[in-house]
2 protein chains.
Amino acid sequence: VVSTGTEILQGLYADTNAQFIAEQLTSLGIQVVGIYAAPDDRAVLESTFRHVASTCNLVICSGGLGPTEDDINRDVFAAIWKTELHRDERALEMMRTRFLTRARGPMPESNEVQALVPTESTVLYNQWGTAPGFYLPARDGMPALVALPGPPKEMRPMFLESAKPLLENLAGGETISITRTVHTYGQPESYVNECCRNLFRADPRVALTILAKTYGVDLRIHASGPSNAAAQQLVRQYEEDIRSRLSPDEVYGADEQMLHDAVAELLIANRLTVAAAESCTGGLVSKLLTDVPGSSAYIKQGYVVYANEAKISVLGVCAETIDQHGAVSEQTAAEMAAGVRELAGSDFGIGVTGIAGPTGGTPDKPVGLTYIAIADKHRTRVQRSQFLGDREMNRIWAAQTALYLLRRRLLRWNASAAESE
Amino acid sequence: VVSTGTEILQGLYADTNAQFIAEQLTSLGIQVVGIYAAPDDRAVLESTFRHVASTCNLVICSGGLGPTEDDINRDVFAAIWKTELHRDERALEMMRTRFLTRARGPMPESNEVQALVPTESTVLYNQWGTAPGFYLPARDGMPALVALPGPPKEMRPMFLESAKPLLENLAGGETISITRTVHTYGQPESYVNECCRNLFRADPRVALTILAKTYGVDLRIHASGPSNAAAQQLVRQYEEDIRSRLSPDEVYGADEQMLHDAVAELLIANRLTVAAAESCTGGLVSKLLTDVPGSSAYIKQGYVVYANEAKISVLGVCAETIDQHGAVSEQTAAEMAAGVRELAGSDFGIGVTGIAGPTGGTPDKPVGLTYIAIADKHRTRVQRSQFLGDREMNRIWAAQTALYLLRRRLLRWNASAAESE
């Protein structure tokens with residue numbers, strides 16, 4: 001797996017493309033024997049590819065296919081793999097159309113170089129950006145080569161949709177590995193670690209890893225078996241075991257399913273709607289709730305009430321409440337949640353008020369203090385949280401906690417709805 | 001820079017050790033010509049180090065110094081660098097003490113292997129974990145070698161406290177490198193590239209890199225000089241040159257200053273306020289505007305009007321406008337911006353309405369079509385954009401474009417305010 005780009009060598013970012021590709025190859029049963037990053041320098045690239053070609057029978061390279069001076073990979077591939085480049089007309093047409101439909105006028109001539117691919121290759125067309133990739137089969141003692149553009153937003157879907165099916169045929173491997181990541185929220189890493197302690201080395205076929213992320217604590221299950229079914233079975237077994245050790249409130253999803261997806265699913269299944277009134281999160285809760293396609297089913301509107309006047313005039317929070325208890329208080333959060341619920345005519349109202357920082361804290365109400373209220377037709381409940389991050393993290397945790405509390409309420413919704421009838 | 005550990009090759013995490021080391025070396029004026037990750041496999045490690053040794057005069061390796069079967073790096077180093085290993089008594093003593101004070105009882109015998117280092121090396125003692133590292137000077141055509149343990153909590157402080165001072169001497173401390181990133185928005189990568197074409201290889205002391213990011217196109221200036229002042233001078237000169245080739249609308253900031261920071265600065269300097277009415281962005285514009293500490297000076301409230309009813313009832317958009325032109329139209333965007341400006345009593349109103357996708361597109365109004373309006377007391381102007389990303393990217397670009405258009409208006413504010421009086 002080779003990533004090219006001088007900025008990686010300067011340490012300007014971690015090589016996440018290599019991680020993604022290595023994970024995908026491992027899951028296909030293809031053993032990754034080396035990961036390389038090389039600068040946009042012709043001599044170094046040539047020496048790197050010569051060495052890489054001698055160590056394996058498949059090379060996956062990302063980056064270096066742009067239209068600029070820096071992007072010299074296609075020439076280097078041609079030299080090392082001893083092949084000619086030719087212009088792929090379909091790729092050129094796709095690029096031109098892309099430029100025109102983006103209404104930025106015709107494509108500059110400098111971009112035409114991006115349509116050059118090795119003559120013997122299968123072109124991997126790019127629907128997510130301009131440069132096409134390609135697959136050059138192994139020949140003359142040279143390994144097969146897959147070349148993909150560097151931007152992750154292009155590389156990832158192109159790998160999954162075009163390269164992966166080709167590699168699946170190539171692999172035909174004996175051992176299949178599968179990775180699944182279980183997401184939790186609401187408990188610290190040490191608690192999750194303790195719950196799963198004797199699982200970490202229980203089975204040599206399974207590697208279980210705990211990871212503290214900004215959005216919660218993840219447990220990654222990496223299982224290997226002689227077949228896809230066997231590996232899947234191991235993963236399922238571990239996931240069930242993990243879920244039995246934590247509460248359903250805490251385990252909200254796996255893999256692509258984030259907390260806002262889990263909340264959306266419950267809202268849609270129960271035909272319920274929600275609206276948020278946000279102070280310190282400034283729109284982040286509504287943004288997360290509308291990240292999900294089809295979110296118009298459960299969210300119609302939302303309010304950012306950053307100033308006290310806005311809390312009063314827009315949401316109908318009592319001026320006396322703010323005077324007596326402060327804008328960051330249990331009482332204000334409760335009135336915000338109840339107020340937005342009424343204003344929006346939604347089933348649930350969310351109220352978030354806190355001190356994100358870096359300034360605005362006092363000994364009584366330090367930076368990170370946040371009140372989050374969830375209102376429904378029966379009751380309004382408020383949770384007090386003390387976050388210990390910077391402004392950005394405090395805002396993310398406040399929004400995640402709001403979603404966590406709403407999900408907890410939704411998990412009990414059927415029971416409580418039945419109860420009150 | 002070499003990282004060892006099979007888990008990296010399986011894609012279980014991105015190689016952040018390599019990033020850290022590459023960034024540090026770059027700042028010391030040491031050019032990184034390759035980054036490698038290799039599994040805990042003797043044959044692969046030997047072949048990797050043989051190749052690496054032929055490409056450079058300094059190798060920094062992290063990982064593979066643990067007490068387990070997997071950790072074979074010290075044997076591989078001895079074989080490739082043709083040196084003997086001997087037991088460092090001070091390192092052994094430190095390890096034993098660590099075990100005792102951590103109340104795990106005496107150190108297992110298996111850990112003793114960790115005290116083995118090459119005879120000719122300088123030991124880098126480890127106060128943050130068990131395994132010591134070492135520095136082996138260059139000799140017999142072999143490059144210098146720095147070996148460090150893999151856990152970032154040990155590697156990072158050991159690099160900074162022990163390895164870095166040695167490398168500063170090695171580098172001669174003659175060359176200082178400085179990096180500055182200039183941010184642009186509103187033009188594609190190819191345009192920015194064209195504007196700066198003859199800058200890319202103009203001066204061997206400066207590496208200029210162009211990077212397409214989700215939030216815009218960056219130009220990274222990496223300049224080296226004999227002193228901090230000399231490097232700073234080069235960076236300043238390049239930044240001025242870049243700014244003269246693009247418009248002030250397009251170059252909004254550098255390094256930590258993002259588009260919302262630039263907008264915040266102009267709003268605060270002119271004592272102006274803003275409010276956003278967001279449909280497809282669902283709160284993201286308000287979220288970005290409140291990312292900035294002190295944002296309460298210029299933003300008091302904001303509205304998410306996801307449903308048509310909300311656009312009408314909350315903002316006062318005419319039902320006929322939506323009927324005749326659609327919710328995603330120039331007219332609706334304009335009424336949203338004017339409506340939110342009036343409702344919030346702010347100087348500026350932002351209206352954003354578009355089709356984020358993946359569904360909801362029609363031949364006439366495809367996914368990604370977005371209208372963004374900026375209203376002030378004089379006028380309301382609307383821009384039509386056709387974004388071609390997925391839901392997430394279309395929403396990010398819509399929010400960034402709203403901030404870009406607001407900044408453009410703010411840059412002309414003084415002139416236009418004077419004009420109208």
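Note on naming: letters A, B, ... go to the chains in the order of the sequence lines (proteins, then strands), and numbering restarts at 1 for each one. Small disclaimer: the values here were computed from a predicted structure and weren't measured.
- Here the CD atom belonging to B/Gln31 is positioned 8.5 Å from the OG1 atom belonging to A/Thr6, to the nearest 0.5 angstrom.
- Taking CG of B/Asn193 as the reference point, atom CG of A/Asn111 lies at 9.0 Å (rounded to 0.5 Å).
- When heavy atoms are compared at a cutoff of 4.5 Å, A/Glu278 does not approach chain B at all.
- Heavy-atom pairs under 4.5 Å with chain A peak, among B/Val44, B/Val305, B/Asp15, B/Val314, at B/Val314.
- Relative ring orientation between A/Tyr36 and B/Tyr36 is described as perpendicular, the plane-to-plane angle rising above 60° on a 0-90° scale split at 30° and 60°.
- In this structure, the portion of B/Glu309 lying under 4.5 Å from any heavy atom of chain A is its side chain and not its backbone.
- For the pair A/Ser110/B/Arg197, a side-chain contact is recorded, criterion being any heavy-atom separation below 4.5 Å from C-beta on.
- Note: B/Ser190 leads B/Ser190, B/Ser27, B/Ala38 in heavy-atom pairs under 4.5 Å with chain A.
- With contacts defined as side-chain heavy-atom distances shorter than 4.5 Å, the pair A/Leu9/B/Ile35 qualifies.
- The backbone N or O of A/Glu7 sits nowhere less than 3.5 Å from a side-chain atom of B/Arg220 that would complete a donor-acceptor pair.
- From B/Gln301, atom CD reaches atom OG of A/Ser313 across 5.5 Å, with rounding to the nearest 0.5 Å.
- Here B/Gln10 contributes atom CD and A/Gln19 contributes atom CD; the two are 12.0 Å apart, rounded to the nearest 0.5 Å.
- Per-residue counts of heavy-atom pairs under 4.5 Å with chain A were compared for B/Thr16, B/Leu284, B/Asp291; the largest is that of B/Asp291.
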Item to check | Residue pair A/Arg395, B/Lys287: steps toward the side-chain contact (heavy atoms from CB on, under 4.5 Å) verdict | outcome: CA-CA 10 Å; A/Arg395 279 156 53 96; B/Lys287 187 264 172 192; 3.8 Å; yes
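- Closest approach of B/Ala14 to A/Ala14, counting heavy atoms only: CB-CB, 4.4 Å.
- For A/Val52, no part sits under 4.5 Å from any heavy atom of chain B, backbone or side chain.
- The side-chain hydrogen bond (donor to acceptor under 3.5 Å, both in side chains) check on B/Gln383 picks up B/Ser385, with sequence neighbours excluded.
- Heavy atoms of A/Ser295 lying under 4.5 Å from chain B belong to its backbone as well as its side chain.
- Taking 4.5 Å as the limit, some side-chain heavy atom of B/Arg391 sits within range of a side-chain heavy atom of A/Pro293.
- Contact annotation for A/Ile21: neither backbone nor side-chain heavy atoms come within less than 4.5 Å of a heavy atom of chain B.
- Contacts between B/Ile8 and chain A at a heavy-atom distance below 4.5 Å involve backbone atoms as well as side-chain atoms.
- The choice from B/Glu23, B/His51, B/His222 that makes the most heavy-atom pairs within less than 4.5 Å of chain A is B/His51.
- There is no contact between B/Thr359 and chain A, counting heavy-atom distances below 4.5 Å.
- No other option in A/Ala37, A/Gly283, A/Pro39, A/Ala307 has as many heavy-atom pairs under 4.5 Å with chain B as A/Ala37.
- Neither the backbone nor the side chain of B/Leu343 has a heavy atom closer than 4.5 Å to any heavy atom of chain A.
- A/Tyr306 and B/Thr290 are not linked by any side-chain donor-acceptor pair at a separation below 3.5 angstrom, with hydrogens and angles left out of the test.
- Ion pair A/Lys153/B/Glu392 flagged as a salt bridge, since at least one NZ, NE, NH1 or NH2 atom sits closer than 4.0 Å to an Asp/Glu carboxylate oxygen.
- For the atom pair OG1 of A/Thr68 and CZ of B/Phe200, the computed distance is 6.0 Å after rounding to the nearest 0.5 Å.
- Comparing B/Lys311, B/Gln24, B/Lys300, B/Lys213 by heavy-atom pairs within less than 4.5 Å of chain A, the highest count is held by B/Lys300.
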